[in-house]
Amino acid sequence: MSAIVTISDLRKTYDGGLTALNGVDLAIEEGEILALLGPNGAGKTTLISAICGIVSPSAGQVVVGGHDIAGAYRAARALIGLVPQEISLEPFEKVLTTVRFSRGLFGKRRDDALVESILRKLSLWDKRDSQVKELSGGMKRRVLIAKALSHEPRVLFLDEPTAGVDVELRRDMWEIVKELKAQGVTIILTTHYIEEAEAIADRIAVISKGQILLVEEKDKLMRRMGRKQLTIELDRPLEEIPEALAGYGLEPGPVAGTLVYSYDSQGERTGITRLLNDLQAAGLQLRDVSTRESSLEEIFVGLVAGDAGEERS
Amino acid sequence: MNLEAVRAIYVFEMGRTFRTLLQSVVSPVLSTSLYFIVFGAAIGSRIQEVEGVSYGAFIVPGLIMLTVLTQSVSNASFGIYFPKFIGTIYEHLSAPASFLEITAGYVLAAATKSLAIGLIILATSFFFVELSIAHPFWMVIFLVLTCLSFSLLGFIIGIWARSFEQLQLVPLLVITPLVFLGGSFYSISMLPPFWQSVTLFNPVVYLVSGFRWAFFGLADVSLGLSLAAILGFTGLCLAVIWWIFTTGWRLRQ
Ligand SMILES: Nc1ncnc2c1ncn2[C@@H]1O[C@H](COP(=O)(O)OP(=O)(O)OP(=O)(O)O)[C@@H](O)[C@H]1O
Ligand SMILES: [Mg+2]
């Protein structure tokens, strides 16, 4: 695989003096789904806007499909589709006209069959003659997606495509994203629903304070960073954790009478056998045990919190 | 050239015009008719002729210019201000289209609309006064150039404006006075010498003069100067727009 988007030392300081991008380096592979995660204000939208030509970068370089976004903006932008975070649509326009408009704006000939198939796929065909202002929020977001797809982009940026979209639609959206991937489209998606990244992304990039903290294959990341938790249910609540068990870092669980032991699932020794032996030696009776793998969300929260901690010290 | 983009913007903008066709056309026609009644009938009964042309006919070119200028500025400025205001400008900025193509789409649409209105007013004026056009070809040339150049100005105003108030301020505070003081309703030669010289700094003078020449063969300034002034003004507007798009002024953060 080769990179279709290469971002080198991209920086953006807004007029007010706020630095939203602080030297971003990122290579996006052709055909992948990259989830860009980061807390509010991390710089996700700024990064996407800079690549798409909406924000002028202060420094750095972006190359899309071999074309520099500044020097060869026409060739670069012709490859890119954008679904913005904010819902911005002409309220009095009809769905069909606004989607057709996008295709024309990107220099593509009118193609009614293609536009129809996109609208059908997004369940908007029945609404094609409605004015945009008559649509619900979720439908409007789908119109934005239809507009971006109408000019057949090779690289699609989805800035929080499923914000405010109901569960069923979200799953439909995931299907559409997977279908696009199957057609060879590269997809960059930001989201605050981490289960979404978990469900569809190939790789995860984490951005915080305008810098990329990490880019890694989702599966590897989850294996590497994944910690497992063993929840031990005792037959009666404990006043305090016995001295003999001090070395295990046990924490009280969510329910009275439970203890939680965290361990590295990749580690040589998990320490579970020893813990169970020591529990018995301490005279504690076990009612039940269960294990759970940490989700991407917990990994993410850990990463970003770690970053904030470094900043403070 | 991304001609599809020009066409897409043009069609989109014309669609907006047709949705509001009645108000687009009725109000300029109505207000021009009022001007005819007030200026032509009331004042015209006292001023019989200006340079051998009946006063009612004499003001026709000025009236058309007044409407065409204000319409061009307000159509084009609204056309680009609206996407900025509601945020849909993101699509124009991210499209593989140059400043010339985006400008062409908006400006051609605005100019088409004001040209149509200008022609409708011309047709209306035949109901009020006896009129003959000495140089129809040049009349159309001046009309088209005016629509284009002032739509360009409107486009710049639309990008500059940060609020609807600002958007309306310029036509109200700048265009209308310039047109009224630009010899629309009188000949410059009727002014005292000092004011005659001051007036020559008003670009509208050259438009009205050239346009009136096309009707009656009478001009305040020479035809060549009128043409040069319009073309120079157009060039200036294009240069400003080029600068706006290269720097992203008021468009890109
Ligand atoms: N137009 C602007 N002018 C000045 N500062 C801005 C502008 N847009 C964004 N910022 C600032 O830049 C920083 C990054 O914002 P950005 O919108 O890129 O974050 P984000 O990661 O997309 O956040 P969210 O998850 O909330 O969408 C924020 O501190 C924000 O306040
Ligand atoms: Mg954002």
Could you tell me whether A:Lys140 atom NZ has more than 12 heavy atoms of other residues or ligands within 6.0 Å of it? yes
If I measure from the heavy atoms of chain B, does A:Ser102 come under 4.5 Å with its side chain, its backbone, both, or neither? both
Minimum heavy-atom separation for B:Thr88 to A:Glu90, with atom names? CG2-N, 3.7 Å
Can you establish whether the number of heavy atoms outside B:Trp249 located under 6.0 Å from its atom CH2 is more than 12? yes
Just how far is it from atom NE2 of B:His92 to atom CZ of A:Phe101, taken to the nearest 0.5 Å? 4.0 Å
Using side chain to side chain contact (heavy atoms under 4.5 Å, CB included) as the criterion, point out the one residue from B:Arg7, B:Glu101, B:Glu91 that pairs with A:Leu105. B:Glu91
In terms of heavy-atom pairs under 4.5 Å with chain B, the winner among A:Ala76, A:Ala148, A:Pro91, A:Ser56 is A:Ser56
Taking atom CZ of B:Phe126 as the centre, report whether more than 12 heavy atoms of other residues, nucleotides or ligands fall under 6.0 Å from it. yes
State, to 0.1 Å, how close B:Leu93 and A:Arg77 come at their nearest heavy-atom pair, and which atoms those are. O-NH1, 3.0 Å
Give a yes or no on whether a salt bridge exists between A:Lys108 and B:Glu4, defined as a side-chain N under 4.0 angstrom from a carboxylate O. no
dist B:Ile86:CD1 -> A:Ile87:CD1 (nearest 0.5 Å) comes out at 12.5 Å
Return the option, out of A:Lys12, A:Lys147, A:Arg100, with the maximum number of heavy-atom pairs under 4.5 Å with chain B. A:Lys147
Please verify the inter-ring angle class for B:Phe82 with A:Phe92; under 30° counts as parallel, over 60° as perpendicular, anything in between as tilted. parallel
Residue part contacting chain B, namely of A:Tyr14, when any heavy atom lies under 4.5 Å: side chain
With rounding to the nearest 0.5 angstrom, report the CD1 to OG distance, A:Ile69 to B:Ser94. 11.5 Å
Give, as side chain, backbone, both or neither, the part of A:Ile54 having an atom under 4.5 angstrom from any heavy atom of chain B. both
Should the heavy atoms of other residues, nucleotides or ligands under 6.0 Å from NZ of A:Lys94 be counted, would the total exceed 12? no
Going from OH on B:Tyr90 to CG on A:Asp159, what distance comes out if it is rounded to the nearest 0.5 angstrom? 11.0 Å
For B:Arg250, does the CZ atom sit with more than 12 other heavy atoms under 6.0 Å from it, leaving out its own atoms? yes
Heavy-atom closest contact (B:Ala97 atom, A:Tyr73 atom, distance): O-CE1, 3.7 Å
Enter the distance from A:Glu93:CD to B:Arg19:CZ here, rounded to the nearest 0.5 Å. 4.5 Å
Is the CG atom of B:Leu22 crowded by more than 12 outside heavy atoms at less than 6.0 Å? no
Distance col, row B:Asn2:CG vs A:Phe106:CZ, nearest 0.5 angstrom, shows 9.5 Å
More than 12 heavy atoms of other residues, nucleotides or ligands under 6.0 Å from CD of A:Glu116: is that the case? yes
Chain A contacts, top residue of B:Ser98, B:Gly248, B:Pro96, B:Ala8 (heavy-atom pairs, under 4.5 Å): B:Pro96
With only heavy atoms counted, which part of A:Arg103 is less than 4.5 Å from chain B, the side chain, the backbone, both or neither? neither
